[in-house]
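Since the model is a prediction, treat every value here as computed from it, not as a measurement.
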Protein chains: 2
Amino acid sequence: MNLSSLQQEFVLHFGEMGSRWGINRTVGQIYAVLFLSDVPLNAEQIVDRLGFSRSNVSMGLKELQAWNLVRLKHLPDDRRDYFTTPEDLWEIVRILVAERKKREIDPTLSKLRELEMRTVDSEADRHAHDRLSELRELIELLTGWYDDMNRLETDRLKQLLALGSKLQKFAGADILSLVGRRTAKDKTPAGKEA
Amino acid sequence: MNLSSLQQEFVLHFGEMGSRWGINRTVGQIYAVLFLSDVPLNAEQIVDRLGFSRSNVSMGLKELQAWNLVRLKHLPDDRRDYFTTPEDLWEIVRILVAERKKREIDPTLSKLRELEMRTVDSEADRHAHDRLSELRELIELLTGWYDDMNRLETDRLKQLLALGSKLQKFAGADILSLVGRRTAKDKTPAGKEA
DNA sequence: AAGTCATTTCAATAATTTCTGAAATAGCAT
DNA sequence: ATGCTATTTCAGAAATTATTGAAATGACTT
């Protein structure tokens, strides 16, 4: 590995963590190298830094592109592809959440809704049905909240997060009335509004 | 698979999703069966429903216990172990987040803090150092917010989530002053307070 | 259109992870 | 202690996933 010890340690850690999130170690390491780099890198440079085969790096980059996690750049008079990660870390978080939502949450919601349509015969299925229904509601509340937060500019979002639960004393009464009460059930389903 | 089609479909879907989150398919399916069941189940019953080997189920249950995701029960005059998932879905969410935080976020924070201590020589490392620092700050803001929310009772939490970003108009001025302004930087680091 | 360079594909191999059956352990009752 | 039942361990087999080198593709230049 052709990296400073600082970078190498982070890259290894990140690869390790990635593999606990269903991202393969190699892809995680490629991402970490790009994340730390002050300049865009091409595939050959990544091969050099990490010591993987050229084809492995190519596949890793393809996967990162499919996840929208890297941006492709071009340098003048150089036809190789260069890659970077977004400057803004909040942008990275937004992309990550959006992609996981798209791939995991949305299909799960569809499946839950589909299963809720089924008519139920047995006692056991009655209970199972109720559990699925509860789960769907919970996911809807969370994704609704996420959609809401995702609409905020980053600075507002940071403010709100930093405030944490400070506002909760008010949420019960004062502010709710100021704002116009609106509970989860009133909300348009996730992804259905402009 | 000895399950109603309703249950079977959910179990398969859940196993699939689990495997995208670094949880193995089998373990995901075992969890799903327990999640849907209206009564506690013992290992043999899970073997019957899913058709895995007894030892595989034993290992899966052990892993779920290590994650705190199942509860062990005992029935009178029966010395077999019976398992359930918490009734309350919010309890499940809390456990999941707490465990992932413990296993992934906390070690990453330590690693980032450790790397930030390093003295930096090259230009490239200067930039890498800055990126790590930004990342640490972002994670601290998010975990701080999480700690805050986690302290709320479930009903308050649901209220706040349902409210979403509604409060943000106020967060800028009015309420901040009422509440006493407190930004992320003032916060005690995650896990350091009572 | 031949040559060069960059990237991708793909079949094979390697490595890792999951799963199993058999054996070991553990607790309890007689 | 012996037998009975429940659970766990563990080494090997099976399955899955990651990685590679070689060949194919594509795109640009001369």
Side-chain angles (χ1 to χ4, degrees), chain A residues 1 11-12 14-34 39-67 69-84 103, chain B residues 1 11-12 14-34 39-67 69-84 103:
Chain A
M1 239 181 215
V11 165
L12 292 175
F14 198 88
E16 213 50 61
M17 283 306 152
S19 70
R20 298 203 198 171
W21 280 79
I23 293 157
N24 101 39
R25 204 190 331 283
T26 309
V27 175
Q29 292 187 9
I30 293 173
Y31 186 81
V33 163
L34 291 172
V39 292
L41 299 179
N42 65 41
E44 207 53 61
Q45 293 172 311
I46 297 170
V47 166
D48 174 56
R49 279 167 173 65
L50 293 175
F52 303 147
S53 73
R54 183 57 236 278
S55 52
N56 201 2
V57 169
S58 174
M59 281 171 152
L61 286 169
K62 234 185 87 187
E63 187 166 347
L64 288 170
Q65 282 177 281
W67 275 83
L69 282 169
V70 293
R71 309 214 172 302
L72 184 55
K73 303 245 160 165
H74 282 104
L75 270 52
D77 299 324
D78 186 338
R79 57 196 175 87
R80 288 169 294 182
D81 295 339
Y82 285 80
F83 297 89
T84 59
R103 291 158 197 248
Chain B
M1 240 183 214
V11 165
L12 291 175
F14 198 88
E16 214 47 63
M17 284 306 153
S19 70
R20 298 203 199 171
W21 280 79
I23 292 157
N24 101 39
R25 202 188 335 280
T26 310
V27 174
Q29 293 187 8
I30 293 172
Y31 186 81
V33 164
L34 291 173
V39 292
L41 299 178
N42 65 41
E44 207 54 61
Q45 293 171 312
I46 297 170
V47 165
D48 174 59
R49 279 168 173 63
L50 293 175
F52 304 148
S53 73
R54 184 56 236 277
S55 52
N56 199 5
V57 169
S58 175
M59 280 170 152
L61 287 170
K62 235 184 86 188
E63 186 166 348
L64 287 170
Q65 283 177 282
W67 275 83
L69 283 169
V70 293
R71 309 215 172 301
L72 184 55
K73 303 243 163 170
H74 281 104
L75 270 52
D77 299 325
D78 187 339
R79 56 196 175 85
R80 287 169 295 182
D81 294 340
Y82 285 79
F83 297 89
T84 58
R103 291 157 197 250

- Item | Residues A:M1, A:V11; criterion side chain to side chain contact (heavy atoms under 4.5 Å, CB included); working and verdict | CA-CA 10 Å; A:M1 239 181 215; A:V11 165; 4.3 Å; yes
- Please give, in whole Å, the distance from D:dA6 C1' to B:Y82 OH? 11 Å
- Message: Is the shortest side-chain heavy-atom distance between A:I46 and A:D48 below 4.5 Å?
- Response: no
- Item | Interatomic distance, B:L64 CG vs D:dT8 P [rounded to whole Å] | 12 Å
- Tell me, which of residues 43-60 of chain A have any heavy atom that sits under 4.0 Å from an atom in DNA chain D? A:F52, A:S53, A:S55, A:N56
- Task: Kindly compute the distance separating CD1 (A:I30) from CD1 (A:I23), expressed to the nearest 0.5 Å.
- Result: 12.0 Å
- Message: If you only use heavy atoms from C-beta on, which nucleotide in D:dA27, C:dT9, D:dA18 is closest to the side chain of A:K62?
- Response: C:dT9
- In whole Å, what is the span from the CG atom of B:L75 to the C1' atom of D:dA6? 15 Å
- Query: Do A:L61 and A:L34 come close enough that some side-chain heavy atom pair is under 4.5 Å?
  - Reply: yes
- Can you tell me how far CZ of B:R49 sits from CD of B:E44, rounded to the nearest 0.5 angstrom? 11.5 Å
- Query: Once you round it to whole Å, what is the distance between P of C:dT7 and CD1 of A:I30?
  - Reply: 13 Å
- Note on the structure: Between CG of A:D77 and C1' of C:dC5 the distance, given in whole Å, is 15 Å
- Query: Rounded to whole angstroms, how far apart are CG on B:N42 and P on D:dT5?
  - Reply: 15 Å
- Query: For B:R79 and D:dA6, is the shortest distance between a side-chain N/O and OP1 or OP2 below 4.0 Å?
  - Reply: no
- Integer-rounded Å distance: C:dT16 P and A:I23 CD1: 19 Å
- Note on the structure: To the nearest angstrom, the NE2-P distance between A:H74 and D:dC28 comes to 10 Å
- Task: May I ask you to decide if the ring planes of A:W21 and B:W21 are parallel, tilted or perpendicular, using 30° and 60° as cut-offs?
- Result: tilted
- Message: Between A:R25 and A:F83, which residue's closest nucleotide on DNA chain C lies nearer the 5′ terminus?
- Response: A:F83
- Task: Using a heavy-atom cut-off of under 4.0 Å over every strand shown, decide if B:D81 touches base, sugar-phosphate, or nothing.
- Result: sugar-phosphate
- Task: Output yes when at least one side-chain N/O atom of B:N24 is less than 4.0 Å from OP1 or OP2 of D:dT16, else no.
- Result: no
- Task: Measure the CG-CG distance between A:L72 and A:N42 for me, rounded to the nearest 0.5 Å.
- Result: 11.5 Å
